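Encoded as structure tokens, the structure appears first; notes follow it.
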Amino acid sequence: MADPSRQADPSTQELSRLTAVQLRDALASGELSAREAAEHFVSAIEDRNQRLGAFVTVTADQALLDAKAADALHARLLREGRLEQLPLLHGLPTAFKDLTDVAGVPTTHGSAALEHKPAPEDGALAATLKAQGVISLGKTQVPEFGLTAYSENRVAPPSRNPHAPGRSSGGSSGGSAAAVAAGLVPFAPGTDGGGSIRIPAGACGLLGLKPGRGVVPSGTSAGDTAKLVVAGPLARNAADAALLMDGLVPRSQAPDGGFLANVGRAPDPMRIGVSLDSPWTGAYPFEIEQEALDALELGAKLLEQAGHSVGEADIRYDNRYPEAFTAAWTAGVGSARIAPQREPLLTPLTRTFRRRAQQRSALKVSEALGFLRQFEHDTIAQYAEWDLILMPTLAQTPRPIGWFTGGGHSGEPWPSEWAGDADEDYKRQCQYAPWSSMVNVCGQPAISIPVHRTATGLPMGIQLIGPAGSELKLLQLAGSLEPAIAPV
């Protein structure tokens, strides 16, 4: 992976190949204008998005207006000798997944059942990062209401994996991950309520960090009764992820000096426990593909070479977890405002879980939430015997487009009659990503690190789960492994 401290001349290198840190430095120094950066990445989107489906909406005109304003601010601060007052992420292009409101842009939530009206104002996540100086280039593809581990819906073509366009880029931040992996943006924020940053990071060969509960206040969701959702970075290296974390996390909650200033320091040796146990095993027994085990073996070897001890962790989960998590995970879709005549436009999975959520009593939901709080306490106690817990990010290689639904298509929006059934779809998702959702329930930070490429060129990663407050340590660990990892 690229050395984030190396200076690069944007006039001699293709901008998409620069790290976010390098772009930040070029924009701050004036070596590169915000307009030049925006024009480059808009052009890259125009050239590649039709094949990838990463973006649902491209806001090129607004991006160029925002870039013009950013350049005017830079010029004024330069004249006044106050360039140090530039926003942290001045002029850096990014994109927001289509679950996040951006003023003046429709938020589809990936659903054909909703009316797609422009958002009246920025949501908290977009407002936070815009205040730090980012330039939004548009909205990226998501599954309907962010419910699935793949980014395919009836609104727009599916988000495809840049490493293998016949495969999915994951979900629910799949469009954002595809955009970063393809060089359409240097980094992007994702949101993660059950693996939605780590799953697409693993599928697309990126670093994806899910911060702990409450660390990024702007990443929460009002309808998230179980407090599962948090925002975090999708990036190509640890330094870029640290830079975005500095833009997301309030200074009062950030490490001294910030994430980027500290990410280059290797963490002290740690005890890392390997676990392949999953709370989904009882409900949905799954097999771990050899490619996932290869990634785990390589990851463990790299960690040991970096001075950490790796051993087997005995983790046990309560087999009541699947029912309780599903009740909490789908509660919000039951209360979503959808006109009765538009209900048939919902995907089969959403329609099924919406109906079940509406039939579930408030007492049942309350009991599920109570169980999950006890599950959190019990699981954290088991994890605490180790400094970090290690496992593959995904149990399988990135899945083909249409695989979860039992269907498949050439890239057009889903037809009115969708192949497959909701329960099979959900089972396949849980078997594909069996180590994701329990981290959200526990509210702990976790990171997906790309470590391996299969013989056919598919990326595979490892996931490390840390205790509360270990976001920097996870980024430092990822950064310390980068010199030994072949580019993914």
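Because the structure is predicted, anything quoted here is derived from the model rather than measured.
The backbone N or O of Phe259 sits less than 3.5 Å from a side-chain atom of Asp246, completing a donor-acceptor pair. Asn153 places a side-chain N or O within donor-acceptor distance of the main-chain N or O of Val142, the cut-off being under 3.5 Å. Judged purely by atom type and a 3.5 angstrom limit, Glu482 has no side-chain atom pairing as donor or acceptor with the backbone of Asn237. Listed for the His116 side chain is a donor-acceptor partner under 3.5 Å among the backbone atoms of Leu114. Side-chain atoms of Ser159 come within 3.5 Å of backbone atoms of Gly174 as a donor-acceptor pair (strictly under, hydrogens ignored). Between the side chain of Ser196 and the main chain of Ser172, a donor-acceptor pair closer than 3.5 Å is present.
Residues Glu144 and Thr350 bring a donor and an acceptor atom of their side chains to less than 3.5 Å of each other. Thr220 and Lys227 form no side-chain donor-acceptor contact under 3.5 Å, judged by distance and modelled atom types alone. Side chains of Gln85 and Arg82: a donor-acceptor N/O pair is present below 3.5 angstrom, by distance only.
Looking at residues two or more places apart in sequence or on another chain, you find a side-chain hydrogen bond (donor to acceptor under 3.5 Å, both in side chains) between Asp294 and Gln290.
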Requested in this report: Any chance you could lay out the side chain to side chain contact (heavy atoms under 4.5 Å, CB included) test for Ile389 and Gln463, step after step, and finish with the verdict?
Outcome: CA-CA 8 Å; Ile389 302 296; Gln463 176 180 236; over 6 Å; no

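A salt bridge links Arg35 and Glu39; the closest N-O separation between the charged side-chain nitrogens and carboxylate oxygens is under 4.0 Å. Taking a cutoff of 4.0 Å between a charged side-chain nitrogen and a carboxylate oxygen, Asp98 and Lys139 qualify as a salt bridge. For the pair Lys130 and Glu121, the salt-bridge criterion is not met [side-chain N within less than 4.0 Å of a carboxylate O].
Taking each heavy atom of Ser169 and Arg160 in turn, the nearest pair found is CB-O, 3.7 Å.
Taking the six-membered ring for Trp and the full ring otherwise, Tyr150 and Tyr432 have centroids separated by 6.0 Å or more.
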